[in-house]
Amino acid sequence: EGEVYKYYAEGEWRKSSSGKSVPIINPTTRKPEYKVQACTQEEVNKVMEGAKEAQKAWARTPLWKRAELLHRAAAILKDNKGPIAECLVKEIAKPAKDAVTEVVRSGDLVSYTAEEGVRILGEGKFLVSDSFPGNERSKYCLTSKIPLGVVLAIPPFNYPVNLAVSKIGPALIAGNALVLKPPTQGAVAALHMVHCFHLAGFPKGLIGCITGKGSEIGDFLTMHPGVNCISFTGGDTGIAISKKAGMIPLQMELGGKDACIILEDADLDLVAANIVKGGFSYSGQRCTAVKVVLVMESVADAVVDKVKAKVEKLTVGPPEEDCDVTPVVTESSANFIEGLVMDAKEKGATFCQEYRREGNLIWPLLLDHVRPDMRIAWEEPFGPVLPVIRISSVEEGIHHCNASNFGLQGCVFTRDINKAIMISDAMETGTVQINSAPARGPDHFPFQGLKESGIGSQGITNSINMMTKIKSTVINLP
Ligand code: G3P
């Protein structure tokens, strides 16, 4: 009791000199569960200096040795899935089983990253000059991928472990140092995860983990001259970060309004199963959750009925009991969701279930007959409430999808593969899933958003490439 989790700097666990801490509120009990250090700007400076120093030697550490350490960290992470998952349950109310899955998936991601890194960083290019007009074969160009320096990783609350290692793994295998700023909700799970990397034996200073209030150290971190790359996943803070950041590569994933377009010939049972899983798993708190259903009028009643029947079967309650729908992360998030629901109610949406909320727990809600003048048609609730818009043509569905400020993923349900591909081509999103709900994984698939959903592409291979730069050496023959 009263323990404040330490932050990680120069290979050791430290207390902040601020003497202050940040409480982490359990979304279920709404009482403080843990505390983490409120780090100061001087402490950020120290971590940055340590990272910069350690990175020099790390870049010269053989690739196979870097991979070996990552494999070791992955194994330790998986061995400790129990206690880490417990933090996820208490900090972000992730259902117990999903919490364990997140940690295991993270271990697998780190191992895969080590393997992928060994392959793609083990190869360079060799070019000759006489392919370009006017040149003799007098220049040989050798290129390879070298690290950027210090990568700043800022993951979101919904995957504090998985979306941290999806940045840490690629950064480290490519020879970078890594500074992590975990989300407040999920910080303790992230600190436990960092401890697994500590136990694996990475060099002192190479990995740092700073905790504290975004309002106090956020800008200081993201605008720090020691940072050579930022990989961020989260909300529209990312837009502010990209405006303020220096001339460094940015990888940003900032949410979405993933549309689910349903044609008349779709397999409606498959549709219903995917809407429920895609819309309500982890209470809709996923960037890739189904966030608007666009269904052809002729099958809309049938789809709504099937979804309603499945929603009735969802269990609602605490994450410890592995309920399907659990409390959303904060009270302010619950209030925001409620605001969208009330706006839709005033404007005449049909509620397929009664709206019910206790504390941060919001019961799953399907809103039928949603129209474009309702906020929920466009805004991202990040909660278990899902709007259905009835459309009279496929074009109308595509138009709604493309009128969004977001462009992360989308999905289309039809048995006609030609139509599916044409619709996929027309949808302005980073990915379109045919006959399945949107999802980021498997974690080696490219993952990217258009428009306000982000910049750059993630996925293991793309992240490794993004966290390197090309170095050429040209041999000039006499
Ligand atoms: O919300 C974060 C986003 O990356 C979702 O990932 O695995 O739930 O599709 P996933």
Side-chain angles (χ1 to χ4, degrees), residues 85 88 91-95 97-110 112-113 153-170 182-183 185-186 189-190 231-238 251-260 274-292 319 324-326 328-330 333 337 379-384 386 406-411 429-434 436-450 452-463 466:
L88 292 172
E91 289 185 279
I92 61 163
K94 184 164 278 199
K97 242 191 245 142
D98 295 350
V100 173
T101 306
E102 174 172 347
V103 184
V104 174
R105 172 182 179 183
S106 300
D108 290 338
L109 189 153
V110 173
Y112 196 109
T113 304
I154 309 181
F157 81 83
N158 63 347
Y159 289 93
V161 175
N162 183 268
L163 282 171
V165 299
S166 73
K167 304 168 191 311
I168 298 171
Q185 307 285 144
S231 178
F232 174 92
T233 308
D236 40 18
T237 327
Q251 189 179 48
M252 297 270 160
E253 196 252 288
L254 318 177
K257 186 73 183 170
D258 294 9
C260 174
N274 274 278
I275 288 178
V276 171
K277 187 166 165 271
F280 299 113
S281 55
Y282 189 40
S283 310
Q285 296 173 111
R286 296 165 53 236
C287 315
T288 49
V290 170
K291 299 214 175 93
V292 57
D324 298 313
V325 174
T326 55
V328 297
V329 67
T330 57
S333 174
I337 297 162
E379 294 181 45
E380 181 183 32
F382 235 64
L386 181 59
F406 292 113
L408 189 60
Q409 293 208 359
C411 60
T429 62
T431 302
V432 174
Q433 304 270 351
I434 296 172
S436 178
R440 171 167 48 108
D443 289 338
H444 65 304
F445 280 15
F447 181 55
Q448 55 278 318
L450 307 182
E452 284 180 18
S453 287
I455 51 175
S457 179
Q458 301 175 74
I460 291 170
T461 314
N462 287 345
S463 291
M466 185 266 175

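Just so you know, ligand 1 is whichever comes first in the structure, and atom 1 is the first atom listed for that ligand. Quick caveat: nothing in here was measured; it's all calculated off a predicted structure. In what follows, every heavy atom counts, from backbone to side chain, and hydrogens, waters and symmetry copies are set aside.
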### Task
Please say whether the positively charged group of Lys94, taken as NZ for Lys or CZ for Arg, lies over the ring of Tyr159, i.e. under 6.0 angstrom from the six-membered ring centre and within 45 degrees of the axis.
yes

### Task
Would you confirm whether Glu253, through its side chain, and Gly449, through its main-chain N or O, come within 3.5 Å as a donor-acceptor pair?
no

### Query
So, the side chain of Asn158 versus the backbone of Gln285: is there a donor-acceptor pair under 3.5 Å, distance only?
yes

So is there a nitrogen or oxygen of [X] less than 3.5 Å from a nitrogen or oxygen in ligand 1?
| X | answer |
| --- | --- |
| Cys287 | yes |
| Thr233 | no |
| Asn158 | yes |

### Task
Show the numbers, then the answer: is there a side-chain contact (heavy atoms from CB on, under 4.5 Å) between Gln433 and Asn274?
CA-CA 11 Å; Gln433 304 270 351; Asn274 274 278; over 6 Å; no

### Task
Considering heavy atoms of the protein only, find what lies nearest to atom 5 (C) of ligand 1 and give residue, atom and distance to 0.1 Å.
Thr288 OG1, 3.2 Å

## Note on the structure
of all protein heavy atoms, closest to atom 8 (O) of ligand 1 is Tyr159 OH, 2.4 Å

### Summary
Within 4.0 Å of some non-hydrogen atom of Arg440, the atoms of ligand 1 are 3 (C), 4 (O), 5 (C), 6 (O), 7 (O), 9 (O), 10 (P)

### Task
Report, in ascending order of atom number, the atoms of ligand 1 lying under 4.0 Å from any heavy atom of Arg105.
7 (O)

### Task
List the steps and the verdict of side-chain contact (heavy atoms from CB on, under 4.5 Å) for Asp324 and Val276.
CA-CA 10 Å; Asp324 298 313; Val276 171; over 6 Å; no

### Task
With heavy atoms under 4.0 Å as the rule, classify the contact between Glu253 and ligand 1 as side chain, backbone, both or neither.
side chain

### Query
Stepwise, does the side-chain contact (heavy atoms from CB on, under 4.5 Å) test hold for Phe382 with Val328?
CA-CA 8 Å; Phe382 235 64; Val328 297; over 6 Å; no

Is the closest heavy-atom distance from [X] to ligand 1 below 4.0 Å?
| X | value |
| --- | --- |
| Glu102 | no |
| Leu163 | yes |
| Phe447 | yes |

### Message
Can you confirm whether Leu254 sits close enough to Phe232 that some side-chain heavy atom of one is under 4.5 Å from a side-chain heavy atom of the other?
### Response
yes

### Message
So Ile460 and Pro170, do their side chains get closer than 4.5 Å, heavy atoms only?
### Response
no

